[in-house]
2 protein chains.
Amino acid sequence: MKPRITIKEIAKQADVSIGTVDRVLHDRGRVSPETKERVLRIAKEGNYSSNVYARNLKLNKTYHLAVILPEKNSYWVKHRQGVEKAVAEYDFLQVDMHAYSLAVESQTEIEGIIQEVVAAKPDGIVLAPIFLNENSPAVERLKKSQIPVILVDSKIPLPNCLSYIGQDAFQSGRMSGGLLHEGYSENYDLYVITFQMADLYNKTIAARIEGLENYFEEVNNSPQVIKINMEQEAMGYSELIERMLTRKKPVRVFVPNSRSYFLATEMNEVKQELKLRMVGYDLIEENKMYLEDGTINYLIHQQPKQQGFKAIQALHQHLLLNMEVEQQQFLPLDIITKENLMYCEH
Amino acid sequence: MKPRITIKEIAKQADVSIGTVDRVLHDRGRVSPETKERVLRIAKEGNYSSNVYARNLKLNKTYHLAVILPEKNSYWVKHRQGVEKAVAEYDFLQVDMHAYSLAVESQTEIEGIIQEVVAAKPDGIVLAPIFLNENSPAVERLKKSQIPVILVDSKIPLPNCLSYIGQDAFQSGRMSGGLLHEGYSENYDLYVITFQMADLYNKTIAARIEGLENYFEEVNNSPQVIKINMEQEAMGYSELIERMLTRKKPVRVFVPNSRSYFLATEMNEVKQELKLRMVGYDLIEENKMYLEDGTINYLIHQQPKQQGFKAIQALHQHLLLNMEVEQQQFLPLDIITKENLMYCEH
DNA sequence: CAAAATAATGTTAACGTACACGCACTAACA
DNA sequence: TGTTAGTGCGTGTACGTTAACATTATTTTG
């Protein structure tokens with residue numbers, strides 16, 4: 001731990017007043033180039049960084065944070081819990097949170113909310129950028145606002161994004177490949193099932209599927225991969241199951257989002273017959289049920305609560321502590337099975 | 001976020017000086033009972049808590065932390081990494097860490113070190129209390145010192161323990177039961193293997209085994225549980241394997257500490273024959289190897305790096321931020337299999 | 001060349017807390 | 001009567017930073 005020089009000491013060494021030093025350090029101008037250089041040199045040599053305590057004491061500012069998340073369901077409610085836990089912990093540090101929630105899964109709504117949030121000029125934003133078109137005017141406004149944004153769950157390109165907090169979607173796909181292929185003994189069919197048309201354009205889903213495919217590129221007995229989008233192919237569940245059965249091979253299913261219970265509902269009766277193994281995402285109630293009854297074998301847990309907590313923590317570190325924040329904070333790929341389901345309260 | 005009253009404001013409302021308020025709040029005496037009561041009332045009503053920034057600015061203190069961990073091996077080195085990461089992150093907050101390491105697994109050494117540490121009067125201690133007798137004079141000294149201690153990995157009774165950070169050993173044993181019993185189809189033998197005599201008195205190991213047993217109390221087709229301590233029974237590995245084979249039942253093994261690789265080394269040749277399934281602890285290199293080759297099926301990851309990180313974080317919250325810290329911080333029970341081994345960098 | 005404009009720098013008062021110090025007063029005791 | 005100890009208070013200063021304000025030097029302009 002190197003000692004740190006103070007403004008006062010810099011001023012003394014540079015033979016100027018602390019006001020001048022302050023102007024240099026904050027780049028407020030009105031300083032001659034020579035003085036500026038001298039001050040900067042001494043600051044650097046002295047390992048200067050501003051004293052967090054003095055700074056915040058003086059500023060005595062309440063930080064306004066905006067949190068934009070989808071309407072509560074058992075996945076997103078966890079994000080909120082994490083956020084609230086963090087805010088409660090950092091309570092004494094004068095943060096003031098305003099939560100916005102997306103009731104409808106529509107692009108219009110999220111754009112409206114972003115506009116509102118930007119207008120309110122918070123000091124930081126936590127945003128789950130789902131249903132959000134990268135090139136929409138709202139995103140433009142976000143960029144222009146310069147407000148630091150923490151993206152959770154999904155990623156979009158954003159210059160003022162301070163940090164992305166979530167899983168590495170590609171790696172989670174690769175890992176799913178491993179889970180599905182494990183214990184290979186006979187040829188099987190691998191189904192990748194999506195439901196809505198929108199899923200086809202979702203980057204996170206795409207990355208998960210790419211990861212899966214990447215895994216099988218490196219594997220010897222690669223199975224046949226059958227991708228089906230239910231809406232696109234206008235296929236019913238009974239039809240799907242029929243099709244699976246006629247091929248007479250064990251069925252392994254990858255559902256790259258949280259809707260694996262859609263399938264599980266239909267398949268739990270015939271899972272023996274299908275020789276089913278299924279991997280899905282997220283510990284929502286419906287999925288948990290089918291994990292317990294064995295229709296779903298693995299769920300990949302995205303640790304939503306942790307995501308929410310870390311989002312606020314990142315803003316705290318950036319705004320209050322003036323710290324560098326890691327651009328990407330990948331959370332561990334957490335495999336949940338019937339066996340450890342009851343022990344994961346993270 | 002409730003607004004918080006300041007000392008100055010309390011002074012004004014109570015019609016006394018700041019100094020008096022200060023004496024009341026710090027219980028320095030020299031205040032009449034009536035004044036004291038009045039000040040306390042107003043402070044409480046005003047939701048007073050000291051301003052972290054002003055406090056630390058004024059105190060301008062370097063905090064000395066002592067970290068006592070066993071000598072580096074691939075498990076404990078992770079603790080150190082976590083500790084160092086946290087110290088680096090909180091660097092600007094003037095913490096100064098002194099690391100002590102236990103070269104030998106002896107009670108004498110750890111007691112000597114504790115004595116040394118207590119004499120140095122650090123502001124906080126991180127301690128892995130293994131090889132440490134609860135009633136030893138060193139522990140007494142620790143108690144008397146009143147220095148806040150963070151216990152990691154294992155727990156001992158200690159009044160000045162600020163927080164325990166580690167796994168819930170009992171629950172991890174229960175979960176192991178689930179992992180071993182999963183997919184029950186035929187009767188099997190369940191071996192609980194320990195190695196040294198010392199293991200018989202280790203509380204963490206005991207709790208894990210109790211958890212396992214607790215699981216099987218609730219299960220229908222409970223297997224025969226065979227507990228073996230290799231040192232106590234003076235048994236060789238070939239002898240053990242011989243014994244397992246003659247019983248002609250599938251073998252499932254629970255190793256309640258990180259030494260599962262001891263067994264794996266001997267058994268990886270005959271694992272088919274034994275119909276072996278094994279659950280162990282900790283991602284040390286030797287274990288990872290046998291996880292990959294299939295001799296060990298599951299490893300329970302204790303997230304040592306996270307433990308180290310959280311330990312420092314807890315001290316930071318207590319010492320610098322004046323926060324309440326949770327007495328027990330249980331880390332999630334993380335199951336590592338061949339499939340997700342490569343993705344767990346936590 | 002003086003006045004006005006601008007550039008460069010200095011001064012100072014907070015922010016909320018901790019703590020050393022000092023003042024006024026009382027009571028006890030020599 | 002003076003000395004001393006103790007009690008109940010108030011005052012002052014410092015911590016490092018920020019930013020408004022004041023002052024001085026330098027250049028520009030009519």
Side-chain angles (χ1 to χ4, degrees), chain A residues 1-40 42-43 46-63 91-94 123 319-323, chain B residues 1-40 42-43 46-63 91-94 123 319-323:
Chain A
M1 196 197 52
K2 279 184 237 160
R4 230 163 269 98
I5 202 172
T6 67
I7 286 188
K8 197 197 273 182
E9 181 62 22
I10 295 176
K12 202 169 114 193
Q13 289 186 26
D15 198 27
V16 291
S17 72
I18 60 173
T20 303
V21 176
D22 180 66
R23 272 186 294 269
V24 171
L25 296 176
H26 290 84
D27 227 356
R28 290 194 235 274
R30 301 178 144 261
V31 183
S32 74
E34 308 87 65
T35 311
K36 180 171 178 177
E37 204 214 349
R38 187 156 34 99
V39 167
L40 284 177
I42 294 171
N47 186 32
Y48 176 81
S49 72
S50 80
N51 181 309
V52 181
Y53 304 125
R55 175 158 214 278
N56 285 292
L57 174 60
K58 175 63 199 156
L59 293 179
N60 199 12
K61 183 172 153 61
T62 296
Y63 291 88
D91 171 50
F92 57 93
L93 300 176
Q94 318 207 50
D123 300 290
L319 295 172
L320 285 287
L321 301 186
N322 230 7
M323 282 168 69
Chain B
M1 195 195 55
K2 279 185 238 162
R4 227 162 272 98
I5 203 171
T6 66
I7 286 188
K8 197 197 273 184
E9 180 62 22
I10 295 176
K12 203 169 112 192
Q13 289 186 25
D15 198 28
V16 292
S17 74
I18 297 181
T20 304
V21 177
D22 179 65
R23 271 185 295 268
V24 171
L25 296 177
H26 290 85
D27 227 356
R28 289 193 233 275
R30 298 176 144 257
V31 184
S32 74
E34 308 87 64
T35 312
K36 180 170 177 177
E37 205 213 347
R38 187 155 34 101
V39 167
L40 284 178
I42 294 173
N47 187 31
Y48 177 81
S49 73
S50 81
N51 180 308
V52 180
Y53 304 124
R55 175 162 212 279
N56 285 292
L57 174 62
K58 175 63 199 160
L59 291 177
N60 199 12
K61 181 172 156 65
T62 297
Y63 291 87
D91 171 50
F92 57 94
L93 300 176
Q94 319 208 48
D123 301 290
L319 296 172
L320 285 285
L321 301 187
N322 232 6
M323 282 168 69

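Numbers restart at 1 for each chain; the letters A, B, ... are given by sequence-line order, proteins then strands.
A residue-by-residue look at B:L57 and B:V21 shows that B:V21 has its nearest nucleotide of DNA chain D further toward the 5' end. Each of B:H26 and A:R38 was matched to the nucleotide of DNA chain C holding its nearest heavy atom; the match closer to the 5' end belongs to A:R38.
With sequence neighbours excluded, the residues that form a side chain to side chain contact (heavy atoms under 4.5 Å, CB included) with A:A11 are A:I18, A:V21. With sequence neighbours left out, B:T6 forms a side-chain hydrogen bond (donor to acceptor under 3.5 Å, both in side chains) with no residue at all. For B:K61, the salt bridge (Lys or Arg N to Asp or Glu O under 4.0 Å) partners at least two apart in sequence or on another chain are B:D123. The side chain to side chain contact (heavy atoms under 4.5 Å, CB included) check on A:N56 picks up A:V52, A:Y63, A:L320, B:Y53, with sequence neighbours excluded. Under the side-chain hydrogen bond (donor to acceptor under 3.5 Å, both in side chains) criterion, A:E9 pairs with A:Q13, sequence neighbours left out.
Listed by first and then second residue, the salt bridge (charged side-chain N to carboxylate O under 4.0 Å, His left out) pairs involving residues 15-28 of chain A are A:D22-A:R28, A:D27-A:K36 (not counting sequence neighbours). Residues in residues 47-59 of chain B take part in no salt bridge (charged side-chain N to carboxylate O under 4.0 Å, His left out) pair, two or more places apart or across chains.
A heavy-atom distance below 4.0 Å to DNA chain D is reached by these residues of residues 12-20 of chain B, ordered by number: B:V16, B:S17, B:G19, B:T20. Contacts between residues 28-35 of chain B and DNA chain D, counted as heavy-atom distances below 4.0 Å, involve B:R30, B:V31, B:S32, B:T35.
Counting non-hydrogen atoms under 4.0 angstrom, B:N51 reaches the backbone sugars and phosphates but no base. If you check every strand for non-hydrogen atoms under 4.0 Å, B:D22 touches a base.
Nucleotides of DNA chain C lying under 4.0 Å from heavy atoms of chain A occupy a range whose first and last members, 5' to 3', are C:dA8 to C:dG16. Running 5' to 3' along DNA chain D, contacts with non-hydrogen atoms of chain B at under 4.0 Å begin and end at D:dT7 to D:dG16.
Inter-axis angle, ends of the helix from C:dC1-D:dG30 to C:dA30-D:dT1, five pairs per end, rounded to 10 degrees: 70°.
Distance check, rounded to the nearest 0.5 Å: CE of A:M323 to CG of B:L93 gives 8.0 Å. From B:T20, atom OG1 reaches atom CD1 of B:I7 across 11.0 Å, with rounding to the nearest 0.5 Å. In this structure, CG in B:L319 is found 13.0 Å from CD in B:Q94, a value given to the nearest 0.5 Å.
Checked by atom type and distance alone, the side chain of A:R4 never pairs as donor or acceptor with a backbone atom of A:S49 at under 3.5 Å.
Looking at B:I42 and B:Y48, their side chains never come closer than 4.5 Å, going by heavy atoms from C-beta outward.
Between A:I5 and A:A43, the shortest heavy-atom contact is CG2-O, 4.3 Å.
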